[in-house]
Amino acid sequence: MLTITSRENPQIKQVCGLLSAAKKRRKEGLFVCEGFTLLEEALRRGLQPKAVYCLESQAHRLPKLDCPCALVNQSVLEKLSDVPAPQGVVFTLPLPQPETTLSGSRFLALDSLRDPGNMGTILRTADAFGLDGVILLGDCVDVYSPKVVRSAMGSLFSTKLYAMTAAELKSQLDGLNIPLYAATLADDSRPVTQLDLKRSCVIIGNEAHGVSPETIACCTGSVIVPIQSAESLNAGVAAGILMWEMRR
């Protein structure tokens, strides 16, 4: 097994580039994951890493792998990680292409969602509640950025992702006879308790600006989660409540 001791090694520099830039990830068709738990989850889902970099003292924890593996020291591992306390192993995976044709009946759409923590939370919750997919609209945060990968905790490997425009989404949903709701406060918004969301798609908007007017114009109607005193709910929390209602 190869041993890498220099932080300036070309392979190490390549992984660092993947960590820091979505453009680099798209160009090379790879993204970075960290930790033995995430590695085991990827293998369980049938995903094959392209390369693995493991701390020398943790090499005994590596499963059998059919890809290049390298042992690294603590200094190199710290350069490969974007967290203060690296988890012993870093690996790269092929970058999947998003789906474009809907299949199923329960979806959550995200309109220019920008916070990595919210994105990871939503992906994890969508996986937990068995949604048929998460649809990316507009300028969403890169779902393969390290912070999203980390907060999704493996659900990124099993949640079907779609990418399309709001008009394309509306057209496909109409073909499937599935209503489209915007989670937004409007005069005609209906409380989530008054809607049957078992066959539906609900859109969560940008943290600062909500669902865009152009996207709202494509919707069947609007839905709200009634609250008592706070000004609003966090996007990840609101999405979780709505996804629970879809399952219920």
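Every value quoted in this text rests on a predicted model; they were computed, and no experiment measured them. Along the sequence shown, residues are numbered consecutively beginning with 1.
You'll find the side chain of R106 reaches within 4.5 Å of the side chain of R247, heavy atoms only. P86 places a side-chain heavy atom less than 4.5 Å from the side chain of Q74. Looking at L108 and F129, their side chains never come closer than 4.5 Å, going by heavy atoms from C-beta outward. Within the 4.5 Å cutoff, the side chain of L65 has heavy atoms near those of the P63 side chain. Residues M119 and I122 fail the side-chain proximity criterion, which asks for heavy atoms closer than 4.5 Å. With a 4.5 Å cut-off on side-chain heavy atoms, K170 and T220 count as touching.
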Test salt bridge (Lys or Arg N to Asp or Glu O under 4.0 Å) applied to D82 and R150, step by step: CA-CA 10 Å; D82 74 327; R150 188 165 58 250; 2.8 Å; yes
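Few gaps surround CD1 on I227; more than 12 heavy atoms of other groups in view lie less than 6.0 Å from it. Taking a 6.0 Å sphere around CG of D188, one finds it holds more than 12 heavy atoms contributed by other residues, nucleotides or ligands. Other residues, nucleotides and ligands contribute over 12 non-hydrogen atoms within 6.0 Å of the CD atom of Q194.
By the side chain to side chain donor-acceptor pair (under 3.5 Å) test, R26 pairs with no residue at all, sequence neighbours left out. By the ring pair (Phe, Tyr, Trp, His ring centres under 6.0 Å) test, F157 is found to be paired with no residue, residues two or more places apart in sequence or in another chain being considered. Listed by chain and residue number, nothing satisfies the side chain to side chain donor-acceptor pair (under 3.5 Å) test with Y181 (two or more places apart in sequence, or in another chain).
With rounding to the nearest 0.5 Å, the separation of OG1 in T100 from CD in E168 is 8.5 Å. Remark: L242 CG to I204 CD1 distance equals 5.0 Å, nearest 0.5 Å. The CD1 atom of I203 lies 8.0 Å from the CD1 atom of I135; values are rounded to the nearest 0.5 Å. Within the model, atoms CG of L131 and OG1 of T125 stand 9.5 Å from one another, a figure rounded to the nearest 0.5 Å. Expressed to the nearest 0.5 Å, how far CG of L80 lies from CG of L18 amounts to 10.5 Å. Rounding to the nearest 0.5 angstrom, the gap separating the CZ atom in F36 from the CZ atom in F91 is 10.0 Å.
A chain of hydrophobic side-chain contacts below 4.5 Å, direct or via other Ile, Leu, Val, Met, Phe, Trp or Tyr residues, connects L197 to V134. Linking Ile, Leu, Val, Met, Phe, Trp and Tyr residues whenever their side-chain heavy atoms come within less than 4.5 Å leaves V223 and I216 in two separate clusters. Note on L173 and L110: separate hydrophobic clusters, where clusters join Ile, Leu, Val, Met, Phe, Trp and Tyr whose side-chain heavy atoms are under 4.5 Å apart, directly or indirectly.
Residues K79 and E8 are paired through a salt bridge, judged by an N-O separation under 4.0 Å between the basic side chain and the carboxylate. Classification of E40 and R44 as a salt-bridged pair fails, no side-chain N sitting under 4.0 Å from a carboxylate O. Ionic pairing of D142 and R25 is present here: one or more N-O contacts between side-chain nitrogen and carboxylate oxygen are shorter than 4.0 angstrom.
In this structure, a donor-acceptor pair under 3.5 Å is present between the side chains of N118 and N234. A side-chain donor from one of T215 and D111 sits under 3.5 Å from a side-chain acceptor of the other. Side-chain contact, E28 with Q14: a donor N or O sits under 3.5 Å from an acceptor N or O. Side chain to side chain, D127 and S155 meet the donor-acceptor criterion of an N or O pair below 3.5 Å.
Nearest approach of Y162 to S103, heavy atoms of both residues: OH-N, 3.2 Å.
Applying side chain to side chain contact (heavy atoms under 4.5 Å, CB included) to Y53 and the options L71, L77, V89, V15 leaves one that passes, V15.
A distance-only check finds a donor-acceptor pair linking the side chain of S151 to the backbone of K147 [under 3.5 Å].
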